[in-house]
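For reference, the structure discussed in these notes is given below.
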Amino acid sequence: MEVVNDNTCSWINDLTPRSNIQSVTSNLDCEWLVIGAGYTGLSAARKLGQLYPNQKILLVDAQLAGEGASSRNSGYLVDTTLNDGFTSNKELDNYKKKADIYKLGIEAVKSFIKEHQVDCDWNECGKFFASSKEEDKKILENFSDTLSKLGFEHNLLSNKDLKKRLGTNFYNIALHTKGGILLHPGKLVRAMVDTLPENVSLYENSSLLNWKKLNDIVICNFKNGSIKTKKIIFATNGFLKSLGIKSNYNFPITLTASMTRSLTDEEFESIGQPKEWGVLPVRPMGATIRMTKDRRILIRNTAEVYNPYQMSKSELDKRSIKQKIGIKKRFPQLRDDIIQSTWSGIVSRTRNSSQIFEKINENIFVAGCYNGSGIGVGTLFGEQIAIKASNENTKEIETIEARNKPTWLPPQPFLNLGVKARLMYERLRARSEI
């Protein structure tokens, strides 16, 4: 199926449209092929270009580079996550392994930004895990205990403090972590597109139809051409399953978000003129909310099993109504018609919230499945899978490979039934937080 580029995402609409787009229209050969031009694929191609300046490297995406999940997320570069369910001392070790990867991801993004002087609205303001329900205080106290054991700076906040910092009295309890970063995901990934090495050729709007390995060559077929390569890196994240890559270990979830126009001076004053902030839910299906640098409000409060390739305007409009309700719950004084755009995107999940980072064989490598933490981890995994594919090792690779590996998933239709049931259960538990 062809993926049609759209203009529904506010992050993408903030960017200058690109020109000189080329697609696969002939038969090509190369030493290296990277499939997927999001954070992972762009970082892998950039690293390969640095390692092999005299080799031919091709990077191919089914739509425009960076305009998939990489620029459609909420813009959180995370140091910690809450909804993985780690509580015991044994699981504390697993949490530390995951947090170590998050730390390396932040460092990878920082390094790229520093090297290329990228302006992506970087803000080290941390993030809030917040809830309107007083009974969720126990969850946050347990989480606080975990963070304290691992040395993460954080603090618990009540309604009065939250009202001052967020401009809404909706939340009654929150935990603020100081290591999280907010940024403009579209600006960051566009910079990755613009700084590709000269020996990396980018092909867009070129869907991979099928592929096969023949002796020591991988052959990839597209609508209007093919590519033969010596080595291939699959970096399609939520679309790995559709390409037959680790298909029993990952599955896509469709998320929908909306963003308002910038608040007027009067509107901004009515909510207390808060500084930029980001809220993540205590309960998995609650709403993610951001106040951006330029006074826009972003909300994401849907997650569902859905065709990952497209969502019609009428379907987006239905979800936009839910998001307007979510905004009005928190800011009842704002106008009903404040939402400016609504879009969908894909997050790739594994059963145990681990990531995929693997050598399939001597020619084929894969990285993906970031479970909602793709900005930092995707950038890190892209760089490191390129190094691994070069038969080299690093301390970063050792840290990545120390994590728990993804666990096996049941086949269809049992998988979708199970995922839908779990989402419904979590949605009911978090219904007051949407």
Side-chain angles (χ1 to χ4, degrees), residues 73-76 78-87 91 95 99 102 125-150 152-180 182 253 255-258 271-272 274-292 297-304 319 322-334 347 353 371-373 422-434:
N73 63 76
S74 299
Y76 289 75
V78 301
D79 59 333
T80 56
T81 54
L82 170 58
N83 292 317
D84 291 329
F86 300 106
T87 54
E91 291 169 331
Y95 190 95
Y102 294 150
C125 60
K127 64 186 182 302
F128 298 87
F129 293 98
S131 174
S132 68
K133 301 173 79 68
E134 288 284 358
E135 55 263 41
D136 286 344
K137 184 177 181 180
K138 185 62 178 176
I139 297 174
L140 292 178
E141 287 175 341
N142 289 337
F143 186 45
S144 174
D145 183 55
T146 297
L147 296 181
S148 294
K149 289 176 181 176
L150 296 175
F152 285 100
E153 191 174 353
H154 67 281
N155 58 304
L156 288 163
L157 299 165
S158 60
N159 177 271
K160 186 177 179 181
D161 292 324
L162 293 169
K163 168 67 175 174
K164 289 179 182 177
R165 298 180 70 166
L166 307 180
T168 172
N169 60 10
F170 177 80
Y171 298 104
N172 286 307
I173 183 71
L175 183 148
H176 180 259
T177 62
K178 297 192 175 180
L182 297 178
I253 294 290
L255 309 180
T256 317
S258 290
I271 66 170
K275 294 180 180 179
E276 183 177 10
W277 53 260
V279 166
L280 295 172
V282 172
R283 296 176 182 266
M285 287 294 291
T288 295
I289 308 276
R290 267 193 70 178
M291 174 67 69
T292 68
I297 300 171
L298 177 146
I299 179 169
R300 195 281 301 160
N301 63 0
T302 65
E304 56 196 305
R319 289 150 184 82
K322 292 182 181 179
Q323 284 146 9
K324 181 179 73 173
I325 292 170
I327 291 174
K328 294 288 284 185
K329 274 185 178 181
R330 293 158 176 83
F331 304 101
Q333 66 271 51
L334 298 181
V347 63
S353 296
N371 302 283
S373 304
R422 181 58 185 264
L423 290 176
M424 184 179 297
Y425 169 72
E426 296 291 359
R427 194 175 294 119
L428 286 171
R429 291 183 69 227
R431 59 187 178 275
S432 65
E433 304 301 301
I434 291 175

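When reading the values below, keep in mind they use all heavy atoms of this one structure, side chains included, and skip hydrogens, waters and symmetry mates.
The shortest non-hydrogen separation linking L298 to S74 is CD2-OG, 3.6 Å. Looking at every heavy atom in both residues, A303 comes nearest to L423 through O-CD1, 3.8 Å. Across R330 and I434, no two heavy atoms sit closer than the pair NH1-O, 3.5 Å.
Applying the salt bridge (Lys or Arg N to Asp or Glu O under 4.0 Å) rule to R283 yields the partners D136; only residues at least two apart in sequence or on another chain are considered. By the salt bridge (Lys or Arg N to Asp or Glu O under 4.0 Å) test, K133 pairs with E135, sequence neighbours left out. Applying the side chain to side chain contact (heavy atoms under 4.5 Å, CB included) criterion to R422, with sequence neighbours excluded, gives Y425, E426. N73 pairs by the side chain to side chain contact (heavy atoms under 4.5 Å, CB included) definition with Y39, P185, I375, not counting sequence neighbours. Under the salt bridge (Lys or Arg N to Asp or Glu O under 4.0 Å) criterion, E134 pairs with no residue, sequence neighbours left out. Residues passing the side chain to side chain contact (heavy atoms under 4.5 Å, CB included) test with L147, sequence neighbours excluded: T80, Y95, F143, F152, H154, L175, T177. In this structure, K275 has no salt bridge (Lys or Arg N to Asp or Glu O under 4.0 Å) partners at least two apart in sequence or on a different chain. Listed by chain and residue number, nothing satisfies the ring-ring contact (aromatic ring centres under 6.0 Å, His included) test with Y171 (two or more places apart in sequence, or in another chain). Applying the ring-ring contact (aromatic ring centres under 6.0 Å, His included) rule to H176 yields the partners F128; only residues at least two apart in sequence or on another chain are considered. By the side chain to side chain donor-acceptor pair (under 3.5 Å) test, K164 is found to be paired with no residue, residues two or more places apart in sequence or in another chain being considered. Annotation: side chain to side chain contact (heavy atoms under 4.5 Å, CB included) contacts of E276 (sequence neighbours excluded): N123, L182, R290, K293. Scanning for side chain to side chain donor-acceptor pair (under 3.5 Å) contacts around E433 gives S132, with sequence neighbours left out.
Residues V347 and N371 have side chains not in contact (no heavy-atom distance under 4.5 Å, counting atoms from C-beta outward). Residues L82 and L280 have side chains not in contact (no heavy-atom distance under 4.5 Å, counting atoms from C-beta outward). Proximity of I173 to S158: side-chain heavy atoms (C-beta onward) are nowhere separated by under 4.5 Å. Put simply, the side chain of T288 reaches to within 4.5 Å of the side chain of Y76, judged on heavy atoms. You'll find the side chain of S373 reaches within 4.5 Å of the side chain of T81, heavy atoms only. Between L157 and R165 there is a side-chain heavy-atom pair separated by less than 4.5 Å. No side-chain heavy atom of M291 sits under 4.5 Å from any side-chain heavy atom of V279.
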With salt bridge (Lys or Arg N to Asp or Glu O under 4.0 Å) as the criterion, how do E304 and R319 come out once you've worked through the C-alpha distance, each side chain's angles and the decisive distance to 0.1 Å?
CA-CA 11 Å; E304 56 196 305; R319 289 150 184 82; 2.7 Å; yes

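Once rounded to the nearest 0.5 Å, the distance linking CG of N301 with CG of L255 reads 10.5 Å. Going from atom NZ of K328 over to atom CG of L334 covers 6.5 Å, rounded to the nearest 0.5 Å. The distance from the CG atom of D161 to the CG atom of L166 is 10.0 Å, given to the nearest 0.5 Å.
Around atom NZ of K329, more than 12 heavy atoms belonging to other residues, nucleotides or ligands sit under 6.0 Å away. With a 6.0 Å radius and a threshold of 12 heavy atoms from other residues, nucleotides or ligands, K163 has its NZ atom above the threshold.
Although no hydrogens or angles enter the test, the distance criterion places a donor-acceptor pair under 3.5 Å between the side chain of S148 and the main chain of S144. Within the 3.5 Å criterion, the main-chain N or O of N169 finds a donor-acceptor partner in the side chain of N159.
Ion pairing between a basic and an acidic side chain is recognised when a charged N comes within 4.0 Å of a carboxylate O; D79 and K178 show no such pairing.
With Q323 as the fixed residue, the side chain to side chain contact (heavy atoms under 4.5 Å, CB included) test singles out one of I289, I297, T302: T302.
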